[in-house]
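The structure displayed is predicted, hence computed values, not measured ones. The residues of the chain are indexed from 1 along the displayed sequence.
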Amino acid sequence: MNIHAVLHEATIALKASNNSDEEKLEAQLLLEHVLTVNHAWLITHADDEINSETDQQFEALIQRRISGEPIAHILGEREFYGLAFKVTPDTLIPRPDTETLVEAALAKISPSETARILDLGTGSGAIALAIAKDRPNANVIAVDASQAALSVSQENAKALNIHNVQFLLSDWFSTLTNQHFDVIVSNPPYIEQDDVHLKQGDLRFEPISALASGEDGLDDIRQIILDASAHLKPKGWLMFEHGYNQAKNVSTLLVSAHFRSIETLKDLGSNDRVTFGQKP
Ligand code: GLN
């Protein structure tokens with residue numbers, strides 16, 4: 001069979017599975033992965049025949065996708081902020097929405113400063129490494145309570161050749177006594193524990209500890225806000241990614257903890273996604 005025909009069959013099978021809403025693109029990505037070719041090559045070689053070994057390998061990946069496994073886990077990586085991140089079931093899969101948080105943080109860090117930045121719950125390291133890459137003078141500390149996640153983020157730092165991030169095992173601020181930062185960022189778990197989305201799509205394959213946070217999804221954000229002031233320099237910023245319907249609650253929590261200059265930013269889908277405030 002040629003590439004065109006193989007892709008056509010895979011696309012139909014993915015569509016029928018209801019686990020994919022971008023079946024054509026996903027079939028292409030998986031075949032590019034098996035053939036180790038880029039998108040342009042695949043498109044311009046639609047009439048090439050593929051051998052049966054390649055066909056079998058591709059079919060096996062399509063079956064994994066049909067069973068619901070995230071495309072990022074099958075490929076083993078996901079692009080975020082122009083960088084390629086290794087992804088495993090031990091971390092959240094980086095999402096485009098989270099680039100809003102990176103941009104918000106970069107806006108508060110002057111390139112010439114040797115700012116101290118903290119990323120709480122770094123997971124794959126996507127946020128910390130994207131910031132560190134764009135602000136080589138900054139010192140970034142990235143913490144996670146999961147050793148397995150830290151192994152992934154450390155591998156990503158190495159592969160991306162980024163050296164200004166230090167990774168620490170820490171349950172939020174637990175190992176950061178007496179450390180103070182100019183900017184603290186976090187994409188903590190923020191989904192309501194009974195939210196039906198946790199049983200759908202990619203979320204089924206991601207660590208629940210990185211997704212859900214109590215009845216209203218705000219348990220971890222509440223905890224971080226309570227402890228953050230003691231770890232911020234005067235005029236330092238605390239910034240969160242949060243759920244599309246949590247901006248008001250997060251702002252109120254920041255007000256209660258005496259933060260000033262509170263703002264909410266929207267993600268690419270025009271949903272409220274990031275809220276931040278400044279320590280007086
Ligand atoms: N943005 C993710 C989602 O809703 C959740 C990430 C998180 O809880 N930090 O799919």
Side-chain angles (χ1 to χ4, degrees), residues 1-99 123-126 129-130 133 148-149 151-161 191 195-208 210-211 267-269 271:
M1 273 205 288
N2 67 21
I3 285 178
H4 176 80
V6 165
L7 283 173
H8 185 68
E9 271 188 13
T11 303
I12 290 170
L14 283 173
K15 199 179 179 83
S17 78
N18 281 325
N19 266 325
S20 166
D21 48 15
E22 289 181 298
E23 50 284 337
K24 186 173 173 202
L25 178 66
E26 292 188 349
Q28 289 170 333
L29 283 170
L30 293 173
L31 188 53
E32 287 158 24
H33 186 70
V34 171
L35 293 169
T36 58
V37 299
N38 65 27
H39 200 61
W41 191 97
L42 194 78
I43 301 303
T44 50
H45 290 73
D47 296 331
D48 283 20
E49 295 292 317
I50 63 165
N51 62 38
S52 67
E53 195 189 337
T54 303
D55 193 21
Q56 275 169 23
Q57 285 171 4
F58 177 59
E59 186 55 34
L61 300 192
I62 291 292
Q63 284 307 325
R64 285 169 66 185
R65 186 65 190 118
I66 283 173
S67 73
E69 195 174 339
I71 196 93
H73 286 174
I74 302 172
L75 298 174
E77 69 169 31
R78 169 58 47 94
E79 189 265 355
F80 177 82
Y81 218 76
L83 305 170
F85 286 88
K86 172 183 163 161
V87 177
T88 78
D90 291 317
T91 76
L92 220 60
I93 299 166
R95 289 168 165 74
D97 292 343
T98 305
E99 295 186 349
S124 66
L129 291 165
K133 167 109 182 165
S151 302
V152 176
S153 54
Q154 278 165 319
E155 263 189 66
N156 279 323
K158 212 167 167 190
L160 293 165
N161 210 12
I191 299 177
D195 192 314
V196 292
H197 293 101
L198 292 169
K199 296 198 168 57
Q200 299 169 4
D202 285 4
L203 271 58
R204 293 169 294 174
F205 294 82
E206 295 177 282
I208 190 73
L211 292 167
D267 62 23
L268 296 168
N271 290 308

When rounded to the nearest 0.5 angstrom, what is the spacing between [atom1] in [X] and [atom2] in [Y]?
X: Ile66; Y: Leu14; atom1: CD1; atom2: CG; result: 5.5 Å
X: Ser67; Y: Ile74; atom1: OG; atom2: CD1; result: 7.0 Å
X: Arg204; Y: Glu69; atom1: CZ; atom2: CD; result: 10.5 Å
X: Ile3; Y: His8; atom1: CD1; atom2: NE2; result: 15.5 Å
X: Glu59; Y: Ser52; atom1: CD; atom2: OG; result: 12.5 Å
X: Leu268; Y: Thr98; atom1: CG; atom2: OG1; result: 10.0 Å

Check whether any side-chain heavy atom of [X] lies under 4.5 Å from a side-chain heavy atom of [Y], and answer yes or no.
X: Leu7; Y: Leu42; result: yes
X: Ile93; Y: Phe80; result: no
X: Leu160; Y: Lys133; result: no
X: Trp41; Y: Asp48; result: yes

Modelled atom types, side-chain donor and acceptor of Asp195 and His197, under 3.5 Å: yes
Tell me which donor-acceptor pairs under 3.5 Å the side chains of residues 22-36 have, and how far apart each pair is, sequence neighbours excluded?
from, atom 1, to, atom 2, distance (Å)
Glu23, OE2, Lys15, NZ, 3.3
Glu26, OE1, Ser20, OG, 2.8
Glu26, OE1, Arg65, NE, 2.8
Glu26, OE2, Arg65, NH2, 3.3
Glu32, OE2, His39, ND1, 2.5

Minimum heavy-atom separation for [X] and [Y], please, with both atom names.
X: Ser124; Y: Val152; value: CA-CG1, 4.3 Å
X: Gly68; Y: Phe205; value: O-CE1, 3.1 Å
X: Gln200; Y: Val196; value: CG-O, 3.6 Å
X: Gly123; Y: Ser153; value: O-CB, 3.3 Å

- request: With sequence neighbours excluded, tell me which residues meet salt bridge (charged side-chain N to carboxylate O under 4.0 Å, His left out) with Asp267.
  value: Arg273
statement: Contacts satisfying side chain to side chain donor-acceptor pair (under 3.5 Å) that involve residues 73-84 (not counting sequence neighbours) are none
task: Go through the steps for Phe85 and Thr91 under the test side chain to side chain contact (heavy atoms under 4.5 Å, CB included), then give the verdict.
output: CA-CA 11 Å; Phe85 286 88; Thr91 76; over 6 Å; no
